[in-house]
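Worth saying up front: this structure is predicted, and the values here are computed from it rather than measured. Below, each value reflects all heavy atoms present in this structure, side chains not excepted, and no hydrogens, waters or symmetry copies.
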Amino acid sequence: MTETPAALREAHHADVSGGWLRPAVFGAMDGLVTNIALIAGVGGGGVSPRSIVLTGAAGLVAGAISMGLGEYTSVRSANEQVAAEVAKERRELERHPEAEARELAEAWVARGLSEELAHEVATTLARNPEEALRVHVREELGVNPDEQPSPWSAAVSSFLCFSIGALIPLLTYLLGFTSLWLALGVGGVGLFAAGAVVARFTNRPWWTSGTRQLLLGAAAAAATYLVGRLIGVQGGLG
């Protein structure tokens, strides 16, 4: 059976411009690690299960809001910066089209294109102002002005995924169990599963990605647990 070349298939690359995957992954991992570490810290200090649930719930709500607002502000600011640079490039193309065409041709010549062909293509492209603008922005800024990520997609995906991640280590307490180690174990399973899911988008081995996230989360939990034990013992919380 003859394989169809990837270039002839309508969509042979994943969509990397929507702006949802990075904040979703970051939100889920941050939610898991944050609440696993919080629970390990206060649990190591010897507080009651009710206090652990209160701490975890507060961490979930505060963290989810912070992540959502942070992602929205970050992505919107980046988009506004790109828009400002695009407007600047548009003005230059309107005022100095010949100079901009030469600049583009020189960039292509530096990449190995013949000087004659580079200048011919750049001059021809200059006759279509909108397409010329898109090409100049891609070449000079390294971005596609028509495919900027949505700040709302980033904010919502980050908020929801952080909330889900932060809820996982709280599940055992919400179901009536009071074992700190059981909660941390469930959180560890969540970290491994989240890492394995991420591997689907990156074509990495799922067990490698899952193990990496588990080890990182375990390191954070161990650090806060030790802090909780020290403060709990010294402060009489145990």
Side-chain angles (χ1 to χ4, degrees), residues 6 11-47 49 52-53 55-68 70-71 74-75 149 153-232:
H12 62 279
H13 287 297
D15 180 13
V16 296
S17 63
W20 65 269
L21 180 58
R22 183 195 62 81
V25 171
F26 183 52
M29 295 301 181
D30 197 24
L32 277 161
V33 173
T34 295
N35 255 15
I36 288 172
L38 276 174
I39 289 172
V42 296
V47 303
I52 291 177
V53 172
T55 301
L60 187 158
V61 174
I65 293 173
S66 176
M67 287 290 293
E71 283 293 340
S74 174
V75 174
S153 294
V156 171
S157 60
S158 180
F159 179 90
L160 292 177
C161 290
F162 184 98
S163 300
I164 294 171
L167 180 63
I168 290 175
L170 280 176
L171 286 176
T172 58
Y173 285 102
L174 295 177
L175 293 174
F177 299 96
T178 59
S179 170
L180 172 63
W181 300 110
L182 178 61
L184 295 179
V186 170
V189 172
L191 278 170
F192 185 88
V197 169
V198 171
R200 179 182 180 277
F201 298 98
T202 60
N203 291 325
R204 301 288 184 182
W206 61 269
W207 59 88
T208 300
S209 182
T211 302
R212 178 180 61 190
Q213 297 304 326
L214 176 59
L215 291 177
L216 291 173
T224 54
Y225 179 81
L226 289 175
V227 171
R229 291 290 294 177
L230 288 172
I231 295 176

Where do [X] and [Y] come nearest, in terms of heavy atoms and distance?
| X | Y | result |
| --- | --- | --- |
| Gly44 | Arg229 | O-CD, 2.9 Å |
| Pro169 | Ala183 | O-CB, 3.5 Å |
| Leu170 | Ile39 | CD2-CD1, 3.8 Å |
| Leu184 | Ala40 | CD2-CB, 4.0 Å |
| Leu60 | Asn35 | N-OD1, 4.1 Å |
| Leu32 | Ala194 | CD1-CB, 3.9 Å |

Q.
Go through it in stages, so that I can follow the logic: the residues are Leu167 and Leu174, the test is side-chain contact (heavy atoms from CB on, under 4.5 Å), and I'd like the CA-CA distance, side-chain angles, deciding distance and then a yes or no.
A. CA-CA 10 Å; Leu167 180 63; Leu174 295 177; 3.8 Å; yes
Is there side-chain contact between [X] and [Y], with heavy atoms separated by less than 4.5 Å?
| X | Y | value |
| --- | --- | --- |
| Gln213 | Val198 | no |
| Leu216 | Val33 | no |
| Phe162 | Thr34 | yes |
| Phe26 | Met67 | yes |
| Tyr173 | Leu180 | yes |
| Val25 | Val197 | no |

When you measure from the side chain of [X] to the backbone N and O of [Y], does any donor-acceptor pair fall under 3.5 Å?
| X | Y | result |
| --- | --- | --- |
| Ser163 | Ala64 | no |
| Thr224 | Ala221 | yes |
| Ser157 | Ala154 | yes |
| Ser74 | Gly70 | no |

To the closest 0.5 Å, what do you measure between [atom1] ([X]) and [atom2] ([Y])?
| X | Y | atom1 | atom2 | answer |
| --- | --- | --- | --- | --- |
| Glu71 | Cys161 | CD | SG | 10.5 Å |
| Ser158 | Ile65 | OG | CD1 | 12.0 Å |
| Phe192 | Ser209 | CZ | OG | 8.5 Å |

**Q.** Plane angle bin for Trp181 and Tyr225 - parallel if under 30°, tilted between 30 and 60°, otherwise perpendicular
**A.**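 Geometry flag for Trp181 against Tyr225: tilted rings.
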